[in-house]
Structure formats: C-alpha cells, structure tokens
Number of protein chains: 2
Amino acid sequence: MRGSTGEPGSRAGVSRRGFLGLVGAGAALAAGGYAAGAAVGSSSPPEGKVHAFYGTHQSGITTPVQQHLYFASLDLTSSTTREQLIELLRTWTDAAARMTRGLEVSDGGAVGGGPLRPPDDTGEALGLPPAALTITFGFGPSLFAGEKGARLGLAGRKPTALADLPSFAFDLIEDEQSHGDLCIQACAEDPQVAVHAVRNLSRLAFGKAMIRWTQLGYGRTSVTSTSQSTPRNLFGFKDGTANIMSDESAELARWVWTPRDSSPVWFAGGTYLVARKIMMTIESWDRAQLGEQESIIGRDKFHGAPLSGGEEFTPPNFAAVDGSGNFAIAADSHVRLAHPDNNGGTRILRRGFNFVEGNNDLGQLSAGLFFISYQRDPQQFIDLQRALKSDAMNEYIRHVGTAVFAIPPGIGEGEYIGQGLFG
Amino acid sequence: MRGSTGEPGSRAGVSRRGFLGLVGAGAALAAGGYAAGAAVGSSSPPEGKVHAFYGTHQSGITTPVQQHLYFASLDLTSSTTREQLIELLRTWTDAAARMTRGLEVSDGGAVGGGPLRPPDDTGEALGLPPAALTITFGFGPSLFAGEKGARLGLAGRKPTALADLPSFAFDLIEDEQSHGDLCIQACAEDPQVAVHAVRNLSRLAFGKAMIRWTQLGYGRTSVTSTSQSTPRNLFGFKDGTANIMSDESAELARWVWTPRDSSPVWFAGGTYLVARKIMMTIESWDRAQLGEQESIIGRDKFHGAPLSGGEEFTPPNFAAVDGSGNFAIAADSHVRLAHPDNNGGTRILRRGFNFVEGNNDLGQLSAGLFFISYQRDPQQFIDLQRALKSDAMNEYIRHVGTAVFAIPPGIGEGEYIGQGLFG
C-alpha cells in the first residue's frame with residue numbers, strides 16, 4: 001500500500017500515523033520507510049511487485065512485460081534552459097524512484113506541505129500497491145537539433161544513431177502522434193498506477209516541458225520472459241513468439257544494449273526505442289477467412305505454430321511446400337518476411353501493447369497495436385520494416401505514428417537519469 | 001482458460017484435443033464442457049472468476065465492480081425488422097452466456113467451421129481466463145420512438161420512465177457521444193476480455209446494428225461490495241463512499257429494481273441505466289490548494305472522512321461548524337449537495353470508471369469519469385443532478401455525453417435478453 005515517508009505532523013490535522021493507521025495492512029510494512037515496496041519479493045502477486053528503478057540499465061526494457069502502458073512524448077517549452085532541463089531530470093528521477101516503490105510524489109508530509117498548497121501528489125494512486133511499475137525515460141532527436149540543441153548545449157552530444165526514421169512504404173504518419181524531445185514509458189499491472197505516474201511527472205515538468213502526445217495501451221503483445229505465455233494481438237494471433245527474452249544475455253548484448261565502446265561513451269548500456277502507432281482495420285480482418293488470416297500471418301491461429309508444422313516454438317521451415325507445391329509459409333507472409341533468416345539477420349526486443357480508442361463514424365473500431373521495440377541501433381528496425389514492404393498484412397494495417405528515442409543507461413542512487421549527457 | 005466445446009475435428013487440421021492439450025492447465029477442467037468457468041468458485045483470483053449470466057436480474061449491476069469497462073451504444077440500421085432484432089437478441093444472449101464462462105463465440109469447432117470461413121470468434125481472448133466478465137444489455141428511448149418504434153412494433157411498449165434526460169446547468173453535451181438504440185456494458189478484470197466481448201457482439205450485429213459510440217474505462221470509481229475498498233477518482237479522492245451495496249437488499253428493492261407491479265409488467269426486475277461522460281480539467285484541479293480541494297469535495301483527501309469529523313464511513317454532520325462559525329462541510333460542497341439528506345432523499349447505485357484518452361493540443365489530459373448509475377426511475381438521477389447545480393466542483397468538470405437505457409430483467413436459460421418486450 002502506498003504510504004508516506006514524510007515527517008509526522010507535517011500536514012495540519014492528518015499525521016502520518018493517522019494515515020498509516022487507515023491503510024491497515026500496509027502500515028506495519030510502511031513503518032520501515034520504503035519497506036512497503038522493498039519488502040515484497042518476486043513470489044508476490046504482480047500487483048505487489050516492485051522493480052528496482054536504479055541499475056545498470058533502465059527498467060521497463062527487459063522487465064517482464066506488464067499488462068498496461070501509458071506512454072508520453074513531451075516537448076520542451078521554447079525558453080527552457082540547460083539548467084532547467086537538468087533540474088527536471090533530477091526531479092523526475094526522484095519522483096520515479098519513489099513511485100516505483102509504491103510511494104507518492106512528495107517532499108515530505110503525506111501529499112503536501114499543508115492545506116494552503118496544492119498537494120505534491122495528485123492522489124489517485126493512494127492506497128494502491130506498486131503494481132510492478134517501471135518508468136523509462138528517453139531523449140528524442142529534436143532535443144539535440146538546431147536552435148534548441150544549441151540553447152541546451154547539446155549540439156554535438158547526440159547519440160550517434162539517433163535520427164528520425166525514414167518514410168516507409170504505406171506510411172500515413174500524423175505529426176501530432178509522432179516525435180518528441182523527451183519520452184516517458186510507464187508500464188504497470190494497474191492502469192491507474194501507470195497513468196498516475198505520467199500525470200505526476202508531467203505536472204513536475206510544468207513550465208519546462210509539455211505533453212506532445214500520449215498513448216494508453218493494454219494487453220501486452222509481446223513478452224520478454226519465458227515464464228510468460230505468448231499473448232495475442234487484436235488480429236487474434238499470438239504475437240512476438242520470436243522475441244528476445246530477458247535471460248538471453250548474449251542476444252541482449254548483441255542486439256539491444258549499446259556497447260562499452262559506444263559513441264558517445266556515456267551512452268554505453270543505453271538503447272534506442274522505436275515507437276510506431278499501427279491502426280488495424282479490424283472489421284475487414286474479421287471478415288477474412290481463417291485460411292487467409294493464417295496464410296497472411298504464416299502461423300496457425302490456435303497454437304501459433306508455423307504453417308510448416310510443429311508447435312509454437314518450432315522453428316519455421318521456409319523451404320517446406322504443401323501438396324500443391326506451394327510454400328507452406330507463403331512468400332508474402334508476415335512470419336517469413338519478419339524472420340531474421342529473411343531480413344539480413346536482425347533481431348529486436350519487442351514490447352508493444354494493444355490499444356482501443358473509440359470508433360469512427362462508420363462504427364468501426366479505432367484500434368490497433370502500439371508497437372515498441374528496443375535495439376542498439378534504429379537501423380535494425382529500419383531493416384526489418386523495409387523487409388515487410390511486401391507483407392500481405394499491410395492490407396489490414398496503417399502506420400500513423402512514429403518516434404525514436406535514445407534511452408540512456410541506468411543510474412545509481414544519487415545520480416539522475418541522463419546525467420552522462422551533461423557531464 | 002478459454003477452450004472449445006465444439007465437436008472434435010470440426011476444424012480441419014486442429015482437433016479440440018490438440019487445442020486443449022496446448023492450453024495445459026485448462027484442459028482437465030474444459031474436458032467437462034463448460035467446466036472451465038463453472039468449476040471456479042468465489043475464492044478464486046478475480047481473473048478466474050465467473051459470474052452467472054442467467055438470473056433474476058442481469059449481472060453487471062450489483063456484481064462487485066470489476067477493474068475494466070468497455071461500453072458500447074449501438075443504433076439499429078434503418079432497415080432492421082422486428083424479427084431481425086429478436087434474432088440479434090437471441091444471438092447476443094447465446095454469445096454473452098458463452099463469453100462470460102470463458103468460452104469463445106462459436107457454433108462448433110474452436111474458432112469456426114473451417115479455413116474457408118471467417119472464424120466465429122475473433123480470437124484475441126483465446127487462452128485468457130473468464131476474468132469476471134459481465135455483459136449487460138439495455139434499450140434506449142429511440143428504439144421505441146417514431147418510425148423506428150412503429151416498424152419494430154414497439155410503439156406503446158416503452159418502459160414508462162424511459163426518456164432522454166433533460167438538459168442540466170453547465171451541460172456541454174455532444175450528440176456523437178450520447179444516446180443510442182441499444183447498449184452493451186462489458187465489465188471484466190482484463191480489458192482484453194471486455195473489448196473482445198463488445199467486438200464480437202458488434203460483429204454479430206453486422207447488418208442489423210452499428211456502433212454509435214464506445215467508452216473504455218479503467219479503475220472503478222465506486223464499489224458495490226463491502227469487501228472492496230473505496231477507490232479513488234482522478235481528482236484523487238475516494239468516490240462513492242455512500243453507494244448502495246449489493247447486500248443492501250431492502251435498499252436495492254427501494255431504489256434500483258423496478259417493482260412487481262411495474263409498468264409495463266414485463267419490466268419488473270429491470271432497472272434504468274444513466275451514463276454521463278464527465279471530462280475533468282485535471283491540470284486546474286492539480287493546481288488547487290489541498291484545503292480548497294477538500295472544501296469542494298467536503299471530505300479529507302487521505303481518509304475520505306467528512307470534514308465534520310470521524311472516519312470514512314462516519315455520517316457527515318452538515319450542521320457542524322468550525323471555529324469561525326462556518327459550516328465544516330461547505331454549503332456548496334459536493335458531499336453536502338449529493339447527500340440524500342439534501343436532495344429529497346434519493347439514492348442511486350453508482351458503477352462508474354475513470355478514463356484517459358490522450359490530450360488536447362495544450363498538452364492537457366483528456367480524462368475524466370464515465371459515470372454510470374442504476375436506479376428504478378431516471379428521475380432519481382435527475383433530482384440528484386439538479387441538486388448539484390451549485391456544486392463547487394462544477395468549475396472543474398464538464399458533462400459531454402449523456403444516455404439513458406432501460407435494462408430489462410434477467411432471464412433463465414432458453415430465454416433471450418429482453419424477451420418480455422416482444423411477448
């Protein structure tokens with residue numbers, strides 16, 4: 001349970017003791033300070049799970065994928081200085097470290113310094129468990145470019161591979177759902193906890209940075225842990241079967257984390273995030289025959305097994321032919337085109353979510369996949385996306401949002417996110 | 001786990017045995033037919049919970065409020081006949097009864113009759129548990145009105161109190177988020193399960209009815225069971241403390257269920273649903289002082305105790321004054337104005353959810369409360385809403401959607417939802 005670690009009596013009329021008395025089961029744990037979160041081990045239910053905010057890499061990348069996402073892209077205001085940006089990153093670091101432990105944003109006292117101030121924390125997550133919250137921060141290409149980059153003293157400091165993605169065939173990108181100076185990826189088992197995190201971080205940025213776009217997602221579409229079963233996307237198929245898993249350390253080193261001799265040096269242990277908002281034409285898909293759906297994907301709908309045979313994790317045999325002499329896995333199927341065997345050998349770590357946001361005036365669902373991938377070079381995503389140019393699935397999807405962010409490495413206590421950038 | 005109860009081998013290449021073998025833990029239970037859901041008792045985790053679809057009243061009203069909502073309003077197409085509407089309600093009844101047990105929509109076979117047909121079920125909930133899904137259906141005033149009502153043979157069959165709500169002070173209603181001929185309220189512990197339900201019901205309505213508007217909600221804002229702790233809305237305050245609970249049978253009979261001698265008679269055991277989409281100006285609220293927030297609500301932010309003293313469930317003392325001789329609970333506070341003592345004695349059963357849907361171009365959150373209440377007469381809501389005319393909270397909220405639906409009583413197996421209407 002969320003509690004306060006502020007000083008007793010710092011808020012008139014409501015002492016910390018009074019508050020903790022109310023939350024009941026949380027009180028004994030919380031009396032030890034940060035213990036509400038820290039005392040909860042890995043065998044706890046997901047709602048009670050705490051992921052460490054500090055570490056070699058940022059959390060929220062190889063962390064077992066949670067059920068809910070709230071993602072925000074922010075732009076700095078036109079007057080924000082280098083010092084203000086550093087101050088914002090310090091403030092965000094402290095707040096994120098608190099929130100991932102199940103604590104509210106606070107300088108002391110339970111939600112603020114008294115009745116004559118706005119509460120430090122907006123309060124809607126009071127009483128909720130940590131919910132496996134992770135908060136992951138990143139820097140967009142625009143932060144380093146032009147007048148802004150010069151004002152911030154960041155010109156020439158850009159991670160080498162950080163650049164807007166090129167246009168791809170069939171792209172229908174909308175600028176207002178794309179790009180940004182900064183990003184926050186909040187993932188949790190409870191959407192209220194993820195939204196609370198972004199809302200409070202956005203509030204702490206008041207006057208320095210402003211939300212450009214946000215995305216709510218639910219139902220992970222890929223997993224990063226072999227203990228999680230493969231989830232299904234809104235086409236009803238298992239997705240991300242071939243994903244890089246968090247225990248594949250050699251693959252992570254090869255494909256996800258920037259190396260020790262990376263350029264710039266402070267970016268070692270970082271990675272690049274690619275986000276793509278992909279609308280799905282759900283109603284058309286739902287009218288396609290099962291055989292056609294399976295041919296487009298290249299897997300069977302129940303098991304997720306490749307159409308060349310076997311079970312979900314059987315490697316696809318792209319040479320296999322059916323009784324008529326046709327490829328069992330069609331030449332334009334998604335699985336064939338997206339597979340490392342067919343795209344120059346590239347792999348990425350996927351971490352996407354489904355989304356649904358109302359309907360258009362024909363009554364059709366506005367829904368799809370908010371695709372997120374992590375890779376040590378955005379070129380990996382570019383290679384993969386180009387290989388999908390003839391994907392039969394393109395008839396049923398539409399990329400409307402795009403973004404790329406440099407995700408700085410993790411930090412130790414006392415440091416702030418992205419500190420290396422300003423060193 | 002979701003499984004199939006279709007005939008073995010009804011889908012070429014994938015037998016039911018093969019499928020059930022894959023889902024593992026679900027197989028033994030599912031071998032007994034509907035047992036996957038039915039065998040799960042009330043002590044199970046919420047994800048495995050099954051709520052009975054059949055009964056005296058529809059489920060999803062007094063059912064302990066789940067964490068996620070997907071709500072849809074539909075309009076009949078202009079050519080839909082009475083017979084087609086009845087057929088739709090039969091189809092919906094069968095599909096809803098299956099889905100609430102954790103089974104896919106299917107006439108036999110696991111997702112359809114073969115590769116040359118679209119799958120019967122869209123598939124994205126395969127492998128997910130029942131997740132406490134409830135599906136609640138209703139009829140809007142427009143179904144009975146004018147040419148449509150005449151075509152359907154429903155003129156004169158309208159539940160007596162069913163009528164569009166009047167306009168209230170400060171209303172900023174948008175038609176495209178309001179009204180509708182039919183409604184579906186799907187609530188579940190997993191948003192993928194709730195969205196799957198509405199998507200498949202909408203698909204079954206193809207050619208007969210079309211989605212008019214939908215609303216995704218998360219984080220219940222009221223509870224209906226004393227075993228659930230009071231949740232918080234996006235203002236950070238506990239909400240719905242004074243709600244009618246599912247074990248208050250006398251209060252339910254008095255305020256929620258239409259009586260045995262109701263008009264029309266077939267509507268006995270039904271109720272009326274009021275939906276209001278309420279936007280919250282989050283950023284302004286977050287800048288208000290804690291004291292001002294508490295004065296507006298009439299309760300303290302931590303405990304949810306009335307400002308006249310005590311704990312959350314202490315009855316508010318509206319006569320109490322502070323040291324300066326002012327009311328402890330301000331005259332324009334939400335708690336005072338919404339309380340039965342101050343609005344003619346009315347009560348309602350609340351069942352609302354938070355929502356967040358992106359941001360406007362000032363970077364402000366588009367977020368709020370999707371208010372749902374159940375009452376035996378919409379006049380109860382009208383009285384309550386009129387009593388809130390001078391509510392200090394009105395400065396921070398904006399009603400943009402409105403709807404009212406007659407919720408027919410529950411049914412027994414073999415019957416279909418709303419059957420009494422056509423008797």
Side-chain angles (χ1 to χ4, degrees), chain A residues 13-14 18-19 22 67 70 110-112 114-119 121-127 176 190-192 195 199 202-203 210-214 216 218-219 229 232-237 282 286-291 293-294 300-303 311 354 356-359 361-365, chain B residues 13-14 18-19 22 70 110-112 114-119 121-127 176 190-192 195 199 202-203 210-214 216 218-219 229 232-237 282-283 286-291 293-294 300-303 311 354 356-359 361-365:
Chain A
V14 181
F19 177 55
L22 183 78
Q67 283 289 4
Y70 198 50
V111 285
L116 299 180
R117 280 177 45 190
D121 187 286
T122 57
E124 74 273 23
L126 280 171
E176 60 272 27
D190 183 333
Q192 182 113 336
V195 170
R199 174 180 173 186
S202 158
R203 189 169 173 240
M210 194 175 94
I211 298 269
R212 179 181 171 92
W213 54 270
T214 59
L216 193 68
Y218 71 85
S229 61
R232 290 177 187 270
N233 62 27
L234 292 181
F235 285 153
F237 278 76
I282 299 286
D286 285 350
R287 267 174 237 134
Q289 297 172 354
L290 177 59
Q293 291 184 2
E294 294 184 332
D300 96 281
K301 194 161 187 175
F302 289 153
H303 303 81
E311 294 294 340
N354 297 321
V356 171
E357 43 194 21
N359 53 281
D361 45 12
L362 297 174
Q364 296 169 327
L365 270 179
Chain B
V14 181
F19 177 55
L22 183 80
Y70 198 50
V111 285
L116 298 180
R117 279 177 45 190
D121 187 285
T122 58
E124 74 272 22
L126 280 170
E176 60 271 29
D190 183 333
Q192 182 113 335
V195 171
R199 173 179 174 186
S202 158
R203 190 168 172 240
M210 194 174 96
I211 297 270
R212 179 182 171 91
W213 54 269
T214 60
L216 194 66
Y218 71 84
S229 62
R232 291 177 187 270
N233 62 27
L234 292 181
F235 285 153
F237 278 76
I282 299 285
E283 287 77 9
D286 285 349
R287 265 174 241 136
Q289 296 172 352
L290 177 59
Q293 291 185 3
E294 293 183 333
D300 96 281
K301 194 161 187 175
F302 290 152
H303 304 81
E311 295 294 338
N354 297 321
V356 171
E357 42 194 23
N359 53 280
D361 44 12
L362 297 175
Q364 295 170 327
L365 270 178

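Scope of the values below: all heavy atoms of this structure, side chains included, with no hydrogens, waters or symmetry mates. Note that this is a predicted model, so its numbers are computed, not measured. Below, chain A is the first sequence line, B the second, and so on; all start at residue 1.
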Between B:Ala288 and A:Pro119, what is the shortest heavy-atom contact and its length?
O-CD, 3.6 Å
Between B:Glu124, B:Glu357, B:Gln293, which shows the greatest number of heavy-atom pairs under 4.5 Å with chain A?
B:Glu124
Does any heavy atom of chain B fall under 4.5 Å from the side chain of A:Asn354, the backbone, both, or neither of them?
side chain
Holding to side chain to side chain donor-acceptor pair (under 3.5 Å), I want the full list of residues that pass it with A:Glu176, two or more places apart in sequence or in another chain.
none
B:Leu365 portion near chain A, given a 4.5 angstrom heavy-atom threshold
side chain
Contact origin within B:Asn233 toward chain A - heavy atom pairs under 4.5 Å
backbone
Given heavy-atom pairs under 4.5 angstrom as the criterion, report whether the side chain, backbone, both or neither of A:Arg212 touches chain B.
backbone
Spatial distance of atom CG (A:Leu116) from atom CG (B:Leu290) [nearest 0.5 Å]:
9.5 Å
Looking only at heavy atoms, which two atoms of A:Val195 and B:Val356 are closest? And how far apart?
CG1-CG2, 3.7 Å
Could you tell me which portion of B:Gln364 (side chain, backbone, both or neither) has an atom closer than 4.5 angstrom to a non-hydrogen atom of chain A?
neither
Starting at OG1 of A:Thr122, measure out to NZ of B:Lys301 and round the result to the nearest 0.5 Å.
6.5 Å
Rounded to the nearest 0.5 Å, the CG atom of B:Asp121 sits from the CG atom of A:Asp286 at a distance of 9.0 Å
Please name all residues satisfying side chain to side chain donor-acceptor pair (under 3.5 Å) with A:Ser202, sequence neighbours left out, ordered by chain then number.
none
Measure B:Gln192 against the heavy atoms of chain A and call it side chain, backbone, both or neither at under 4.5 Å.
both
Compare all side-chain heavy atoms of A:Leu234 with those of B:Arg199 and state whether any distance is below 4.5 angstrom.
yes
Which portion of B:Tyr70 sits near chain A, non-hydrogen atoms under 4.5 angstrom:
side chain
What option among A:Ile282, A:Ile211, A:Leu362 has the most heavy-atom pairs under 4.5 Å with chain B?
A:Ile211
